[in-house]
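Can you read through this structure? Questions will come right after.
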Amino acid sequence: MASAQANLDKAETRKFFQNLWRTDLMGTLKADPAYWCFALWCGPCSSYVLRKRALYGDMTRYKCCAGYMPCSGKCGESRCPTFCLVTEVCCCFVNSVSSTRFLLQDQFNIKTTKCDNCIIGFMIVLSQLACLCRIVACLTGDEDIAEAAHILTCISDMVYYSVCACMQTQHKIELDKRDGKFGDVPMTVPPAQHMSRLDQPYGPTVGYPPAYGAPYGQPQPPPQGYLAQAPGFPPPSAVAYPPGTYPPQQPPSFWR
């Protein structure tokens, strides 16, 4: 119960992250079409490769579903992590993709845009609607409802596999960014993961420059003053202003 509440609190904290994915879901096919096709036709293989890359190739850091599920750490991952990861991506494909996504978000302080959330939410709602239609078709035995349920299931499957391919391509591009394949400075292996402080509304920016100001937890830089005076101009105190050419004004008098 405590771990479930901790995961809910962590999901709430992700709303305040400052960094964005390098490519949104709509642009993944254009950004890397070859990997998108690979993720579409061989989703479990892609999920296996991305999770291993997310762990920097160190399988001793592996936990089932990246530690976000109740079964995490209880499946004997430490004895045979490679076999457990293969089992996860084959038997729990959706959870494997989502867990890798959460792992990258928490590690790099990434939030998902509203457009991406709408796409993922539409995929989930469509899958649930297709499941309900199949249940109604089984209960009623109506051929028309069964045919409609079959069509809706086909549409749901196409949306599901397409969105999963987009998500995995998005993860791959983010890992390429982490490894310096876009000209950025490659990042080193982070220290062992520890619990985040949930009393702070903003998580630490790990590996990415902050949106503004100094990095999280560091003192803000001193305020910058005005620009230095351009060369060739004397300082204000060097040359005084010329004396006034007008006579001094007399105090106002009053008519009597």
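In what follows, every heavy atom counts, from backbone to side chain, and hydrogens, waters and symmetry copies are set aside.
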Start with the C-alpha gap between D176 and R53, add the side-chain angles, then the distance that decides, and say whether side chain to side chain contact (heavy atoms under 4.5 Å, CB included) holds.
CA-CA 10 Å; D176 288 345; R53 282 189 64 186; 3.1 Å; yes
Please set out all donor-acceptor pairs under 3.5 angstrom arising from side-chain atoms of residues 29-44, sequence neighbours excluded.
from: D32; atom 1: OD1; to: Y35; atom 2: N; distance (Å): 3.3
from: D32; atom 1: OD2; to: K172; atom 2: NZ; distance (Å): 2.6
from: Y35; atom 1: OH; to: S46; atom 2: OG; distance (Å): 2.8

Is a donor on one side and an acceptor on the other found under 3.5 Å between the side chain of E88 and the backbone of C65?
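The answer is yes, because a donor-acceptor pair under 3.5 Å joins these two groups.
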Counting only N and O atoms by type, is there a donor-acceptor contact under 3.5 Å from the side chain of N19 to the main-chain atoms of K111?
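Side chain of N19 to backbone of K111: no pair is present.
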When rounded to the nearest 0.5 angstrom, what is the spacing between CZ in R101 and CD1 in I110?
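The distance works out to 9.0 Å.
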Between F93 and V49, is there a shared hydrophobic cluster once you connect ILVMFWY residues whose side-chain heavy atoms come closer than 4.5 Å?
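No; tracing contacts between hydrophobic side chains, which count when under 4.5 Å, never links both residues.
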What is the distance from atom CE of M59 to atom SG of C84, rounded to the nearest 0.5 Å?
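Result: 8.5 Å between the selected atoms.
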Gap separating the CE atom of M123 from the CG atom of D157, nearest 0.5 angstrom
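Reported value, rounded in 0.5 Å steps: 11.5 Å.
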Other residues, nucleotides and ligands only: do more than 12 of their heavy atoms fall within 6.0 Å of CZ on F83?
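Incorrect, the count does not exceed 12.
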Is the positively charged end of R178 above the ring of Y56, judged by distance under 6.0 angstrom from the centroid and angle within 45° of the axis?
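Satisfied, under 6.0 Å and within 45°.
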I135 reachable from L126 in the ILVMFWY side-chain graph, under 4.5 Å edges
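Each belongs to a different hydrophobic cluster.
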With side chain to side chain contact (heavy atoms under 4.5 Å, CB included) as the criterion, how do N95 and M69 come out once you've worked through the C-alpha distance, each side chain's angles and the decisive distance to 0.1 Å?
CA-CA 9 Å; N95 289 339; M69 296 296 171; 3.7 Å; yes
With T28, which of Q168, Q170, M167 fulfils side chain to side chain contact (heavy atoms under 4.5 Å, CB included)?
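Single side chain to side chain contact (heavy atoms under 4.5 Å, CB included) partner of T28 among Q168, Q170, M167: Q170.
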CG on L50 to OG1 on T169, rounded to 0.5 Å:
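CG of L50 is found 8.5 Å from OG1 of T169.
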What are the two closest heavy atoms between D116 and L25, and how far apart are they?
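Smallest interatomic distance, heavy atoms only, reads OD1-N, 3.2 Å.
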May I ask you to check whether over 12 heavy atoms, not counting those of Y160, lie within 6.0 Å of atom OH?
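Count over threshold, so yes.
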Check D58 with K52, please: is the shortest side-chain N to carboxylate O separation under 4.0 Å?
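So K52 does not pair with D58 through a salt bridge.
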Tell me whether D24 is salt-bridged to K114, with the criterion being a basic N under 4.0 Å from an acidic carboxylate O.
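Salt bridge flag = no for K114 with D24.
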Is there a side chain to side chain contact (heavy atoms under 4.5 Å, CB included) between W21 and H171? Walk through the geometry before answering.
CA-CA 8 Å; W21 297 97; H171 302 166; 3.9 Å; yes
Just so I know, are the side chains of Y68 and S98 near enough to count as touching, which here means a heavy-atom distance under 4.5 Å?
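Result no, sub-4.5 Å side-chain heavy-atom pair not found.
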Rounded to the nearest 0.5 Å, what separates atom CD in Q128 from atom CD1 in I124?
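The CD atom of Q128 sits 8.0 Å away from the CD1 atom of I124.
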Can you give me the closest heavy-atom contact between R51 and A66, atom names plus distance?
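In terms of heavy atoms, the two residues are closest at NH1-N, 3.6 Å.
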Taking every non-hydrogen atom, the tightest pair across V89 and S47
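That closest heavy-atom pairing would be CG1-OG, 3.5 Å.
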Residue pair M26 / I119, side-chain heavy-atom distance below 4.5 Å:
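Of all side-chain heavy-atom pairs linking I119 with M26, at least one is under 4.5 Å.
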Is there a donor-acceptor pair under 3.5 Å between the side chain of T140 and the backbone N or O of V136?
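Yes; at least one donor-acceptor contact below 3.5 Å.
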Same cluster for V159 and V97 if Ile/Leu/Val/Met/Phe/Trp/Tyr side chains link at under 4.5 Å?
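Result: yes, single cluster for both.
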Heavy-atom check, side chain of L129 versus side chain of L152, under 4.5 Å
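A side-chain contact exists here, since the closest heavy-atom pair is under 4.5 Å.
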As a quick check of understanding, evaluate side chain to side chain contact (heavy atoms under 4.5 Å, CB included) for T23 and E174, giving each step before the final call.
CA-CA 8 Å; T23 305; E174 200 66 30; over 6 Å; no
Side-chain heavy atoms of L55 within contact of T60, under 4.5 Å
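L55 does not reach T60 side chain to side chain.
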How many angstroms lie between CD in E147 and CD1 in I145, if you round to the nearest 0.5 Å?
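Between E147 CD and I145 CD1, I get 12.0 Å after rounding to 0.5 Å.
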Strictly distance-based, threshold 3.5 Å: is any side-chain N or O of E77 a donor or acceptor partner for the main-chain N or O of C64?
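Looks like yes, one N/O pair under 3.5 Å.
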Work out which heavy atom in T112 is nearest to a heavy atom in Q105; give both atom names and the distance.
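Looking at all heavy atoms of both residues, the closest pair is OG1-NE2, 3.3 Å.
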Taking all atoms of both residues into account, what is the closest heavy-atom pair of M158 and S162, and its distance?
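Distance-wise, the nearest heavy atoms are O-OG, 2.7 Å.
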With a 3.5 Å distance limit and no angle check, can you tell me whether Y48 reaches the backbone of L85 through a side-chain donor-acceptor pair?
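Checked: no pair found.
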